[in-house]
Amino acid sequence: MAMGAVLSSRSFASPPSSVKRHELKYSTTTQSNCVCSSVPGHRFHQHVTGSTLFPAQSHSRSTVSARHLISGRFIKNRVLSRVECFLTSDPASGGWLKPRRWQNSTATTERSCVQPEYRLPIRRRADFKAEQYEITGSSFSPSDGPDAILVGDTSNISPWWQQFPKRWTIVLLCFFAFLLCNMDRVNMSIAILPMASEFSWSPATVGLIQSSFFWGYLLTQILGGIWADRFGGKVVLGFGVVWWSIATVVTPLAAKIGLPCLLITRAIMGIGEGVAMPAMNNILSKWIPVSERSRSLALVYSGMYLGSVTGLAFSPVLISRFGWPSVFYAFGSLGSIWFALWRFKAHSSPDDDPELSKAEKRHILGGNALKEPITSIPWRLILSKAPVWALIISHFCHNWGTFILLTWMPTYYNQVLKFNLTESGLLCVLPWLTMAIFANIGGWIADTLVQRGISITNVRKIMQSIGFLGPALFLTLLSKVQTPAMAVLCMACSQGSDAFSQSGLYSNHQDIGPRYAGVLLGLSNTAGVLAGVFGTAATGYILQKGSWDGVFKVSVVLYIVGTVVWNVFSTGEKILE
């Protein structure tokens, strides 16, 4: 009968049906050697001294005292540990077993019986009989082979940060990339105030500077998707972060050179940020299984929301203490730290990562092999699919309302609710925080529904319907509330329900065409950016001729149109191979 002892808190693999396994534990008494429990279910413990057995108390964390005759003298050693063992009649199980974990290991004397450099075996064979299971052994014989081995070598156990799933390392790096993306974008909205005063810019000039970012941003939405699908998301996203970080750092210099140089710099920054979303969508489509897709995307997009919160919170502090250029230097330099981590930790696909475990790779791929990067884009096929147009139209309807709320919210707080500018600025952070929280809640709900067997199509339709009808409801109520507190609550609830879209249309690109996820997001986000540009301008025109009720009504109508189109034409099934 072989006995193998392992330092572990986890269960062994299931034995063959012909093999009986039991648990062996060590305990301490004043005369101690070891204690064996050989009856599963009804555990009893025996104290072993030579060939004599007597009962001892059970201890889940026990002190083991062993005496070994080495070089003609006794050495008494103690170690505090949790030891799990098994008894088996299978001779193949006798031998060295790999330790899995060391729990609460402490040497209490000058020497320890568990010394990794010696790997001392305890060669003992117990003489006992458990009648209930008819298990019989022989007396102790030090000359026998090593049947019970206590191993103290833990050098092969990896630290926790190396056991962290690689796919979630990619997700976290994308999260911080999007955090930096919005930090570098919103800092201009704060720094523009002292800059306008220093350079004597008119309101029209300020508006031109703010809009110049979107010139480059629109240019690379589709191109970023094509590049990511062809060259890999790691290369394109890394390029984008470095590109916009450099543009952020040189912004103060460009402003001092002249207005045309500043406009070009802001457009260049937009080029870098324009590739971020398509590249991220491409890399996550390869790394994240469908059962984790919604919450991974929700986490990444919440980085954008928290980036806005961080930028709006820290920019005024930096400007007041170090001047407006410090905002661009501080935020832009963070990109170099991110890129260093991205370069060594990220890979475009699981096949490119030599350190990825086989188990995690099977979990990601689900038994399917990754396809080769695309060499050409089947534009006619893509644009002939109704679900693709459902994505484009729904993205336009969604961003119309979102951009209006986020762009015109300070004005609404100031002109309608009569908040001062400081209060308006603080309250502008609230929707971003609400969106960050509810985006992750929606992601977990969506993935839970998928894991419980609800079809991906139904999950995407449910989540996006909440993302459309929730804002439509709260914007309708907003025109009827009488108090500022209720108005702020309606705005926060509107943006919170809007965040469920991250588990709806924003996850759908990877559903219908994972190989073309970057291109699909580039297409739909181009429509979304155009909605922001046209919607912001149209809101100003409506306010000149009418009131805020008219602004909200247009948004509500578009939300309803998006709901109908999405529920009729969208799908969660793969339609592009």
Side-chain angles (χ1 to χ4, degrees), residues 177-178 180-224 239-279 304 307-308 311-312 315 318-319 323-333 335 396 399-400 402-411 428 522 525-541:
F178 276 52
L180 295 176
C181 178
N182 266 30
M183 284 175 62
D184 291 343
R185 185 189 302 187
V186 303
N187 58 10
M188 178 59 82
S189 64
I190 303 296
I192 197 71
L193 301 176
M195 291 173 71
S197 176
E198 179 177 335
F199 297 108
S200 302
W201 290 333
S202 66
T205 303
V206 170
L208 183 64
I209 294 170
Q210 294 277 44
S211 64
S212 60
F213 169 86
F214 290 99
W215 304 346
Y217 191 72
L218 271 171
L219 182 64
T220 53
Q221 289 296 313
I222 297 176
L223 286 176
F239 157 80
V241 174
V242 171
W243 186 275
W244 86 58
S245 297
I246 294 174
T248 301
V249 171
V250 303
T251 296
L253 177 62
K256 293 176 181 178
I257 293 175
L259 181 61
C261 187
L262 178 60
L263 295 177
I264 293 172
T265 301
R266 293 294 293 174
I268 290 174
M269 180 181 174
I271 289 174
E273 294 204 3
V275 305
M277 289 180 67
M304 297 182 67
S308 296
L312 292 171
S315 292
L318 291 173
I319 291 173
W324 63 265
S326 64
V327 175
F328 300 100
Y329 297 146
F331 289 3
S333 61
F396 181 92
N399 276 29
W400 182 285
T402 301
F403 271 80
I404 286 174
L405 290 179
L406 298 179
T407 304
W408 287 92
M409 198 180 306
T411 304
C428 282
N525 203 40
T526 298
V529 174
L530 290 174
V533 173
F534 294 146
T536 302
T539 299
Y541 178 80

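Sequence positions, counted from 1, serve as the residue numbers for this chain.
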Practice task
Check Gly270 against Thr220 and note the closest heavy-atom contact, atom names and distance.
Solution key: O-OG1, 4.0 Å
Handout entry: Chi angles and distances behind the side-chain contact (heavy atoms from CB on, under 4.5 Å) call for Leu262, Ile209
Key = CA-CA 8 Å; Leu262 178 60; Ile209 294 170; 3.9 Å; yes
Exercise for the section: Look at the side chain of Ser333 and the backbone N and O of Ala330, then say whether any donor-acceptor pair between them is shorter than 3.5 Å. Expected result: yes
Practice task
Supply the atom-to-atom distance Ile192 CD1 to Ser197 OG, rounded to the nearest 0.5 angstrom.
Solution key: 11.5 Å
Exercise for the section: Spell out, as yes or no, whether a donor-acceptor pair under 3.5 Å connects the side chain of Gln221 to the backbone of Asn525. Expected result: no
Handout entry: Side-chain donor or acceptor of Ser212 paired with backbone N/O of Arg266 under 3.5 Å
Key = no
Exercise for the section: Give a yes or no answer on whether the side chain of Ser326 reaches the backbone of Leu318 with a donor-acceptor pair at less than 3.5 Å. Expected result: yes
Exercise for the section: May I have the step-by-step check of side-chain contact (heavy atoms from CB on, under 4.5 Å) for Asn187 and Thr251, ending in yes or no? Expected result: CA-CA 11 Å; Asn187 58 10; Thr251 296; over 6 Å; no
Exercise for the section: Quick one: pull up CZ in Phe178 and CD in Glu273 and give me the separation to the nearest 0.5 Å. Expected result: 9.5 Å
Handout entry: Test item: Leu223 and Pro278 side chains (from C-beta on) under 4.5 Å apart, heavy atoms
Key = no
Just list the side-chain donor-acceptor pairs under 3.5 Å for residues 239-250, sequence neighbours left out, or say none.
residue : atom : partner : partner atom : Å
Trp243  : NE1  : Ile268  : O            : 2.7
Trp244  : NE1  : Asp184  : OD2          : 2.9
Ser245  : OG   : Val241  : O            : 2.7
Thr248  : OG1  : Trp244  : O            : 2.7

Problem - Atom pair CD1/OG1 of Ile222 and Thr526 - distance to nearest 0.5 Å - result: 4.0 Å
Completion exercise
Here the pair of heavy atoms bringing Leu530 nearest to Phe396 is C-CE1, 4.4 Å
Problem - Donor-acceptor contact below 3.5 Å, side chain Ser202 vs main chain Thr205 - result: yes
Fill in the blank from the handout: Here the gap from Phe534 atom CZ to Thr539 atom OG1, rounded to the nearest 0.5 Å, amounts to 13.0 Å
Exercise for the section: Identify the heavy atoms of Ala255 and Met195 that sit nearest to each other, and give their distance. Expected result: CB-CE, 3.9 Å
Exercise for the section: Please answer whether the main-chain N or O of Gly307 pairs with a side-chain N or O of Asn182 as donor and acceptor at a distance below 3.5 Å. Expected result: no
Practice task
Evaluate the ring planes of Tyr217 and Phe214, with Trp represented by its six-membered ring, and classify them as parallel (under 30°), tilted (30 to 60°) or perpendicular (over 60°).
Solution key: perpendicular
Exercise for the section: Find the distance between CH2 (Trp215) and CD1 (Ile264) and round it off to the nearest 0.5 Å. Expected result: 9.0 Å
Problem - Cation-pi, Phe331 ring and Arg185 (6.0 angstrom, 45 degrees) - result: no
Practice task
Report the C-alpha separation of Val186 and Ile190 in whole Å, then their side-chain angles, then the decisive distance to 0.1 Å, and conclude whether the side-chain contact (heavy atoms from CB on, under 4.5 Å) test is met.
Solution key: CA-CA 7 Å; Val186 303; Ile190 303 296; over 6 Å; no
Practice task
Check step by step if side-chain contact (heavy atoms from CB on, under 4.5 Å) holds for Trp324 and Glu198.
Solution key: CA-CA 10 Å; Trp324 63 265; Glu198 179 177 335; 2.7 Å; yes
